[in-house]
Amino acid sequence: MVKAVGLFFICVAWAFGSESVYERHCVPCHKDMPVKIDKFFYRYLLKYSSETEVKRAMTHYLKNPTKETSILTDGLINRFGVKKKTMLSDVALSEALDTYWETYKVFNKLK
Amino acid sequence: MLVLKNWDTNLRSREKKTLWSFLFLYAFLVLISLFFVAFLYYDLQRELFLQHQKEALSNLTNEQINRLRTLHVNFDKERLYPRDERFNSAIYDSGLHEIFSTLRSQNVNLYDDIYIKEHKIYFIKELESYYLGARYIALEVPEPAHWDKKIYRTLFLYGGIIFALTVLIGYFLLKLLLRPMRDAISLLDRFIKDTTHELNTPVNTILSNIEMIDPKQLDPSLLKKINRITIASKTISNLYDDLTYLILSHRLSSHDETVDLKLLLEERLEYFSLLCESKKIRVGACLEANVVMSIDRKKITKLLDNILSNAVKYNNIGGTIDVELHDKLIRISDSGRGMDASKTKHAFERYVRFDRSVGGFGIGLSIVAAIAKEYGLSVDIESKRDEGTKVSISW
């Protein structure tokens with residue numbers, strides 16, 4: 001089942017050309033939310049600090065989201081509800097998170 | 001009497017030398033331990049100083065953290081790292097990667113909490129919330145000028161006092177310990193002095209009386225006996241001279257004069273002729289005329305006598321001695337039993353360290369070495385076992 005979905009997404013990836021997994025998969029759904037996706041990122045950064053730690057924690061959450069492990073405040077999580085498990089394969093997810101990290105990381109951005 | 005006095009001062013100077021070398025060693029050890037203690041004290045004081053600095057630095061760090069928090073919240077609009085003229089700072093993530101730094105130094109030890117390096121104080125703190133992903137923050141402030149001046153002053157003052165005291169105590173302690181030894185040594189010295197002194201008169205009496213005997217009036221067998229007595233007395237007389245020389249050491253003031261070496265060598269060979277005859281040694285001399293040297297006559301005589309007497313002493317019955325005199329070179333070779341090349345080296349070593357070792361190769365060679373050193377003559381010993389020894393004196 002998972003494999004089939006994975007295959008489906010790869011096909012979609014072909015169809016959409018150069019757009020990354022992150023932009024195709026994560027951004028569209030998050031775009032409409034009142035709290036932007038970068039705020040989630042900086043919350044993770046605040047708690048986990050380094051690249052490996054942040055990515056590890058996100059992977060963990062996205063693969064198995066629960067109310068307890070969410071980084072959101074109780075108010076927000078109750079408003080949004082716990083999201084569904086990601087359908088992405090490990091490889092695709094890690095690729096998405098790489099893009100996510102590159103987009104919002106602090107390294108080389110400070111002046 | 002002059003002899004005795006000099007012997008005395010010689011002993012004193014030696015004792016002083018020992019005293020000084022001991023004191024030097026002792027002072028050195030005291031200094032080392034003092035340095036160790038001083039180092040500990042300095043370290044402690046520095047630690048105290050840093051503890052004092054910690055509070056102020058901690059406050060500065062909190063200010064910086066507050067600014068980082070503001071930046072974290074507004075990171076979508078604002079990208080300028082907060083700076084402060086009072087300090088430089090840097091932030092690191094939990095993987096110890098540098099996120100941003102305004103520090104002068106590239107290598108910061110994040111495991112330490114406060115330390116001084118190259119006149120800068122570094123203070124490291126772990127953040128509770130990792131604003132901008134920063135888990136550690138490092139602050140760098142210039143080290144206050146001369147904060148350790150007072151420490152150094154205390155160290156030098158007390159260190160100096162303690163050092164002076166310990167050395168003083170060491171000095172008196174050593175004097176106390178040395179007293180019985182000095183007593184024993186001076187007893188021994190007095191004995192040697194007296195004996196040496198008492199030798200002189202009888203030997204001279206024998207020698208001068210033998211000279212008064214007319215050999216022509218003696219029958220051959222008595223002449224032989226008289227000759228043996230002469231040789232024996234001369235040997236004792238030489239020994240006496242050597243001892244006197246040693247006692248006086250090179251403290252003896254030199255009366256340098258121009259010495260014609262050819263005449264002197266002939267005179268010395270004549271002096272040893274009886275001794276040579278008794279061992280049936282053939283003496284060959286090849287002496288250039290008009291070779292002169294400005295030297296104390298007694299000393300050059302002593303030097304030559306010692307080499308010649310060795311050449312006779314270690315020679316075989318019926319052996320040969322060859323004496324050559326050239327410009328700036330005297331060579332005395334014998335056909336004696338010689339010695340191993342390794343031993344010549346040893347003799348040379350002793351020769352270098354003459355002052356402390358009398359013996360081994362014999363008093364004679366030591367005296368040769370001392371005189372040679374005084375006049376800058378180089379003495380070269382070449383020897384082969386069972387073939388003979390060649391001593392060359394050049395200048």
Side-chain angles (χ1 to χ4, degrees), chain A residues 20 22-23 26-62 68-77 79-80 93-94 96-111, chain B residues 60-85 87-111 113 123-140:
Chain A
S20 71
Y22 169 72
E23 278 162 59
C26 317
V27 177
C29 185
H30 272 270
K31 204 166 55 188
D32 306 326
M33 282 170 65
V35 177
K36 294 282 166 282
I37 197 165
D38 64 322
K39 291 292 172 207
F40 292 144
F41 181 88
Y42 292 118
R43 279 191 160 258
Y44 267 87
L45 200 59
L46 189 70
K47 188 167 176 195
Y48 295 103
S49 179
S50 73
E51 179 178 350
T52 35
E53 291 290 304
V54 166
K55 282 182 181 167
R56 200 177 52 73
M58 279 182 183
T59 316
H60 181 73
Y61 184 78
L62 293 179
E68 284 70 39
T69 49
S70 169
I71 200 130
L72 302 190
T73 54
D74 285 352
L76 279 180
I77 197 81
R79 215 173 108 197
F80 296 136
L93 181 61
S94 111
L97 288 180
D98 285 348
T99 318
Y100 191 26
W101 171 267
E102 285 302 321
T103 315
Y104 295 112
K105 66 168 188 185
V106 176
F107 281 90
N108 301 328
K109 284 194 183 139
L110 282 168
K111 289 187 294 255
Chain B
L60 285 181
T61 311
N62 287 338
E63 278 180 39
Q64 183 72 358
I65 291 173
N66 281 337
R67 287 183 206 138
L68 287 176
R69 182 197 292 133
T70 317
L71 185 61
H72 183 95
V73 176
N74 301 316
F75 195 64
D76 44 350
K77 289 158 259 158
E78 178 67 55
R79 292 283 162 92
L80 192 67
Y81 182 80
R83 286 164 172 82
D84 194 308
E85 59 193 9
F87 57 83
N88 293 326
S89 67
I91 48 177
Y92 304 86
D93 72 7
S94 60
L96 306 185
H97 300 297
E98 181 185 293
I99 299 169
F100 194 80
S101 168
T102 62
L103 300 187
R104 291 273 201 80
S105 164
Q106 289 296 311
N107 304 312
V108 175
N109 180 7
L110 295 171
Y111 296 108
D113 67 339
F123 178 71
I124 290 96
K125 195 169 176 174
E126 201 175 331
L127 278 71
E128 279 157 22
S129 299
Y130 308 147
Y131 303 115
L132 301 173
R135 178 161 181 181
Y136 303 100
I137 177 164
L139 247 68
E140 179 192 75

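Just so it is clear: chains get the letters A, B, ... in the order the sequence lines come, proteins before strands, and each one is counted from 1.
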Participant: Is the charged tip of B:R79 near the ring of B:F75: under 6.0 Å from the six-membered ring centre and within 45° of its axis?
Facilitator: yes
Participant: Check this for me: does any side-chain nitrogen of one of B:R67 and B:D84 sit under 4.0 Å from a carboxylate oxygen of the other?
Facilitator: yes
Participant: Please identify, among B:S94, B:S129, B:G95, the residue contributing the most non-hydrogen atom pairs under 4.5 Å to chain A.
Facilitator: B:S94
Participant: Only pairs of heavy atoms separated by less than 4.5 Å count here; which of A:V54, A:V106, A:L46 has the most with chain B?
Facilitator: A:L46
Participant: Does any non-hydrogen side-chain atom of A:H30 lie less than 4.5 Å from one of A:K36?
Facilitator: no
Participant: Is B:H72 reaching over with its side chain to a backbone N or O of A:Y42, donor-acceptor style, under 3.5 angstrom?
Facilitator: yes
Participant: Please classify the contact of B:E98 with chain A as side chain, backbone, both or neither, using a heavy-atom distance under 4.5 Å.
Facilitator: backbone
Participant: Counting only non-hydrogen atoms closer than 4.5 Å, does A:K39 touch chain B with its backbone (N, CA, C, O), its side chain (CB onward), both, or neither?
Facilitator: side chain
Participant: Side chain, backbone, both or neither: which part of A:Y44 has an atom under 4.5 Å from a heavy atom of chain B?
Facilitator: neither
Participant: So, does A:Y104 use its side chain to make a donor-acceptor pair with the main chain of A:F40 at under 3.5 Å?
Facilitator: no
Participant: In Å and rounded to the nearest 0.5 Å, what is the OH to CD1 distance from B:Y136 to B:I99?
Facilitator: 11.5 Å
Participant: At a heavy-atom separation under 4.5 Å, does B:L96 approach chain A through its side chain, its backbone, both, or neither?
Facilitator: neither
Participant: Give, as side chain, backbone, both or neither, the part of A:K47 having an atom under 4.5 angstrom from any heavy atom of chain B.
Facilitator: backbone
